[in-house]
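Comments concern the structure below.
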Amino acid sequence: MASLRFVRSVWESFRATSGLEPRLLDNLRVTAARPGVVNFELDIQKQHTNRLNILHGGTIASMVDLGGSLAVASRGLFATGVSTDLNVTYLNSGGKVGDRILAVCLSLSIPHSITKRPRLVGKTLAFTNIKFTDPNGHIVARGSHTKYVTQAWKDPNNIVEEMNKLKDQ
């Protein structure tokens, strides 16, 4: 429960301080979180669609960006870094107004250069993957997002130690 509460607080911070997310993704709901994994959903509205009246690729790209950030937050980092790379592969239309899109966001393990042991988020970079599905489980899109997190480790609102304890349980 601490993971979900923390990730939702990071999402609320985005909504309160960002220019894009509250305008485009205000109805996005974080439905589950544990260290390294975040689930969210979005009910598609008119502002999420293109001129074909289906989910706009830019909406999905914005959700890859946000999903990567929330996956980093699930590791206990309140400041989630800045993007260095973002990739989206579109596999299906994603739906139309009134449909729902679901996302699973993962913060990946990476090898630590000294110990060769996997680290959950590196000191410099964090790597994330996001999968989008429709409610029937059909894959709509996949994304990856790399974040530069060096400065994020300094945020006084971080709860990294608490999240590490949850991960080990």
Will you find, in the side chains of Ser69 and Lys147, an N or O donor that is under 3.5 Å from an N or O acceptor? yes
Run the numbers on Ile130 and Met63 for side-chain contact (heavy atoms from CB on, under 4.5 Å), then give the verdict. CA-CA 9 Å; Ile130 298 94; Met63 289 191 294; over 6 Å; no
To the nearest 0.5 angstrom, please state how far the CG atom of Leu125 sits from the OG1 atom of Thr128. 11.5 Å
Do the side chain of His48 and the main chain of Val97 share a donor and acceptor less than 3.5 angstrom apart? no
From Thr59 atom OG1 to Ile44 atom CD1, the distance as rounded to the nearest 0.5 Å: 8.5 Å
Nearest-0.5 Å distance, OG1 of residue Thr80 to CG of residue Leu70: 7.5 Å
Whether Ser74 side chain and Gly36 backbone form a donor-acceptor pair below 3.5 Å: yes
In this structure, would Tyr90 and Ile54 fall into the same cluster of hydrophobic residues linked by side-chain contacts under 4.5 Å? no
Listed once per pair and sorted, the salt bridge (Lys or Arg N to Asp or Glu O under 4.0 Å) pairs that draw on residues 76-88, sequence neighbours left out: none
What is the minimum heavy-atom distance between Asn129 and Ser144, and which atoms define it? OD1-CB, 3.4 Å
NZ/Lys131 to CG/Leu102 distance, rounded to the nearest 0.5 angstrom? 10.5 Å
Excluding sequence neighbours, so at least two apart, what forms salt bridge (Lys or Arg N to Asp or Glu O under 4.0 Å) with Arg29? Glu41, Asp43
Between Arg8 and Val30 (side chain of the first, backbone of the second, donor and acceptor by atom type, cut-off under 3.5 Å), is there such a pair? yes
For Trp11 and Leu25, which heavy atoms make the closest approach, and how far apart are they? CZ2-O, 3.3 Å
For Arg15 versus Asp26, what's the shortest heavy-atom pair and its separation? NH2-OD1, 2.6 Å
Locate the shortest heavy-atom distance separating Val140 from Ser93; write the atom from each residue and the value. CG1-C, 4.4 Å
Enter the distance from Ile101:CD1 to Thr133:OG1 here, rounded to the nearest 0.5 Å. 7.5 Å
Minimum heavy-atom distance between Leu86 and Val64, given as atom pair plus value: CG-CG1, 3.8 Å
Is a donor on one side and an acceptor on the other found under 3.5 Å between the side chain of Asn136 and the backbone of His138? no
Do Val38 and Phe78 share a hydrophobic cluster, counting only Ile, Leu, Val, Met, Phe, Trp and Tyr and linking them when any side-chain heavy atoms are less than 4.5 Å apart? yes
Work out which heavy atom in Phe40 is nearest to a heavy atom in Gly67; give both atom names and the distance. CE2-CA, 3.8 Å
Please confirm whether the backbone N or O of Ala152 pairs with a side-chain atom of Asp155, one donor and one acceptor, at under 3.5 Å? no
For Trp153, is there any backbone N or O sitting under 3.5 Å from a side-chain donor or acceptor partner on Asn158? yes
Here's a test for you: under side-chain contact (heavy atoms from CB on, under 4.5 Å), which of Leu55, Thr89, Leu42 qualifies with Ile60? Leu55
Could you see if Leu20 belongs to whatever hydrophobic cluster contains Val88? Use Ile, Leu, Val, Met, Phe, Trp, Tyr and a side-chain cutoff under 4.5 Å. yes
side-chain contact (heavy atoms from CB on, under 4.5 Å) between Arg142 and Asn87: does it pass, once the steps are laid out? CA-CA 8 Å; Arg142 297 183 315 230; Asn87 180 275; over 6 Å; no
Under the criterion side-chain contact (heavy atoms from CB on, under 4.5 Å), I'd like the reasoning laid out for Gln151 against Val82: C-alpha separation, chi angles, the key distance, then a yes or no. CA-CA 9 Å; Gln151 298 303 315; Val82 296; over 6 Å; no
Please round to the nearest 0.5 Å and tell me the distance separating atom CZ of Arg23 and atom OG of Ser62. 13.0 Å
